[in-house]
Number of protein chains: 4
Amino acid sequence: MARPRSEDKRDAIVAAAIEVIAAQGLSAPTATIAKAAGVATGSLFLYFQTKTDLLNAVYVALKSEMAVAVLDGVHAKDDVREQLFLAWSNWLQWATSFPEKRRALAHLGVSDEVTPQSRQAGHQAMAGAAEILERSRSGGPMRDAPLGFVAALMNALAEATIDFIISDPAHADRHRIAGFDAMWRMFT
Amino acid sequence: MARPRSEDKRDAIVAAAIEVIAAQGLSAPTATIAKAAGVATGSLFLYFQTKTDLLNAVYVALKSEMAVAVLDGVHAKDDVREQLFLAWSNWLQWATSFPEKRRALAHLGVSDEVTPQSRQAGHQAMAGAAEILERSRSGGPMRDAPLGFVAALMNALAEATIDFIISDPAHADRHRIAGFDAMWRMFT
Amino acid sequence: MARPRSEDKRDAIVAAAIEVIAAQGLSAPTATIAKAAGVATGSLFLYFQTKTDLLNAVYVALKSEMAVAVLDGVHAKDDVREQLFLAWSNWLQWATSFPEKRRALAHLGVSDEVTPQSRQAGHQAMAGAAEILERSRSGGPMRDAPLGFVAALMNALAEATIDFIISDPAHADRHRIAGFDAMWRMFT
Amino acid sequence: MARPRSEDKRDAIVAAAIEVIAAQGLSAPTATIAKAAGVATGSLFLYFQTKTDLLNAVYVALKSEMAVAVLDGVHAKDDVREQLFLAWSNWLQWATSFPEKRRALAHLGVSDEVTPQSRQAGHQAMAGAAEILERSRSGGPMRDAPLGFVAALMNALAEATIDFIISDPAHADRHRIAGFDAMWRMFT
DNA sequence: GATGAATGAGTATTCATTCAT
DNA sequence: AATGAATGAATACTCATTCAT
């Protein structure tokens, strides 16, 4: 009968956290995040019991959002190589379009505050992409490697490629293609 | 600004910082680092003006040490592929032998406190390795890509491979070879 | 300011406050008390304007309940000494039967939040017991001391005796009698 | 070789804590205590690891000081009754001369923050007074009661007497004597 | 140079109370 | 009346850095 707890407000806190973490790192004060979200400091703790909880929620939200972006339009393609190339392009597109999200994710990716459970949830979200990857490497030289290993390699290549595109955006397309070709050579 | 006498003490602080950062992350108190180094809290600031300065010194020291380890014995080989494989193996060997050094480097690698100058110094230290890489990719499909891009890809692959070896040490050799083969395929 | 309807709810809040204060002390959150009473946090403030008001209400309620317990069956006795002994026994019985009530009262007894008015009300409730005390000391060495002083001494003795019974319940009866005898000696 | 840690400063913090706790209760902010002691907020935590530690130190300091005051001149007397009467008088004198110390002690006496170890130390400090008490009750009706029980009764009587003297200081001497006589009657 | 005591700004979290529903 | 979301002031404790010894 009281005001219901607002999903909007929760989302606003997560969104604010992304901006503030991108700008200030994980040591950003909760008070700053709350103010950026337009809520009182105490309200942040109504939606997230601790700062660590918020950080984990942000991590999972970003991973999920990224996963959706990566798979956009992918199933309209028939060819596996084309599917993987589109996913790859989507990935780079998302990361370069939302640099603050990528920055926040980079901070969270190496933080001890993000729990194994959250990382697991992140992998879960990327399951669709993993499936394409699975088909891409099947029959190739990495057919017997653990999928996790292959995924880690792809992830590492994508991160390196994104770093390079950001530092040299004039040749974004060239780097995107070169990165993908390099990856494809790994698989075939 | 006169350089303090004891080079030993400076080294002890850097060594202690590596241990403590590996264990506690970059937010480790300077007092903890000083105690681990066997010096007084105030003494740390005789050798490093700020904590950020210390962090940068640690970063450069680790990168330099790693570079030396990577090149060990490499010039005794004639074949480029063999040289690269030895460098690759040395790299993985170093990273898995000194997990706390790698952990510290991982923390520092993503920190905003490490300056572009320090990162530049890190690249400089790796110049010898870069040269081998340069010859490895010459004539191959990546011959026209910026060397920095190629280096970033290799670095990414190495990190992913090390992660995997650490999480599954029983198959260290298999992962080491698989990682190298994947990289080699990228170049040829 | 219209009195809220439910007397039940008010009583439930007071009862919950006793439990929670006994367990957590006076710094127990109002939200915890409200939840223990089965009402919403906001509802507590419909029945008590402030936390201090609630604390005072609890104090008076406990003192009143204790006074009733103390006088139970006392007027059936003729002899003053027997009356006082029964009251004394009733007191110890109540305090040891409801340790959480005594604990809460102990916390409140030393609190600055309990007003002189509430303490006055507490004395008022104990008027019946005071009357017996008055007759007990009449004619003895304390006949000219202020009644309040005598009451304070008796109260102090009772508290000390209760403490001792709680810490050594095996000899409850012995302590009860020894305490009473000591008190009686003071009066005669 | 640095400044030695100052005993004076520690004492100043304890003294300030007594004043502030007497005025504001145990919830007094550590920052207020530090300011009253003339030190920085952080310095308080150099001398006491936590607020609880400070509270315990204050408790023990007050108990010890009180014990010294109580025993002042007592051993010059031969007669046990005179010794006990002087100790009793000293006690009331100390409590009424330093009402803020007594207030602070009253707050601490009922606090859950004061550990059993601290209470034990408090008893230890009062060992001299306990010895006089032991001799006072020997041969009397309380000869077989546990000493702790007798001490608790005496303590309770003293507290009640002090309360009464504070509320009616015009008749301090009368109350002092009446309280002592009442106690003596308990023992004989 | 070396020490470690001293500083005080900075931060996560709590909680009495209010108020929209 | 009843609810519980929303508020924001309040507070213990930390830690990079300075400075008296």
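Letters A, B, ... mirror the listed sequences (proteins, then strands); counts begin at 1.
When all heavy atoms of C:A37 and C:A12 are compared, the closest pair comes out as CB-O, 3.6 Å. In terms of heavy-atom proximity, A:A67 sits nearest to A:A125 at CB-O, 3.2 Å. Heavy atoms only, all atoms of each residue included: B:M66 and B:L105 are closest at SD-CD2, 4.2 Å.
Atom CD of C:E113 and atom C1' of E:dC15 are 13 Å apart (whole Å). Between A:K51 atom NZ and E:dT11 atom C1' the separation is 8 Å, expressed in whole Å. In this structure, A:Q24 atom CD and E:dT11 atom C1' are separated by 13 Å, rounded to whole Å.
Here CG of A:L108 is found 9.5 Å from OG of A:S118. Values are rounded to the nearest 0.5 Å.
Residues from residues 29-49 of chain D with heavy atoms under 4.0 angstrom of DNA chain F, sorted by number: D:P29, D:T30, D:G42, D:F45. Against DNA chain F, the stretch residues 8-22 of chain A makes heavy-atom approaches under 4.0 Å through A:K9.
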Quiz prompt | Criterion side chain to side chain contact (heavy atoms under 4.5 Å, CB included) on A:Y59 and A:S111, from CA distance to verdict | solution = CA-CA 10 Å; A:Y59 177 84; A:S111 168; over 6 Å; no
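Pairs of residues two or more places apart, or lying in two chains, never qualify as salt bridge (Lys or Arg N to Asp or Glu O under 4.0 Å) while including a residue from residues 10-23 of chain D. Sorted by first then second residue, the salt bridge (Lys or Arg N to Asp or Glu O under 4.0 Å) pairs that include residues 108-126 of chain D, not counting sequence neighbours, are C:R103-D:D112.
Taken together, the paired segments of DNA chain F that extend over three or more consecutive Watson-Crick or G-U pairs, each closer than 3.5 Å at both contacts, are E:2-21 with F:2-21.
Side-chain contact between B:F48 and B:V58 is absent, with no heavy-atom pair separated by less than 4.5 Å. Side-chain atoms of A:I166 and A:R102, non-hydrogen and from C-beta on, do get closer than 4.5 Å to each other.
Map B:A28 and A:R5 each onto its nearest nucleotide of DNA chain F; the residue landing nearer the 5' end is A:R5. Comparing A:S27 and C:T50, the nucleotide of DNA chain E nearest to each residue sits closer to the 5' end for A:S27.
Put simply, the side chain of D:S64 gets close to the backbone of D:V60: a donor and an acceptor are under 3.5 Å apart.
Among the nucleotides F:dT21, E:dA16, F:dA6, the one closest to any side-chain atom of D:R3 is F:dT21.
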Tell me which donor-acceptor pairs under 3.5 Å the side chains of residues 23-35 of chain B have, and how far apart each pair is, sequence neighbours excluded?
none

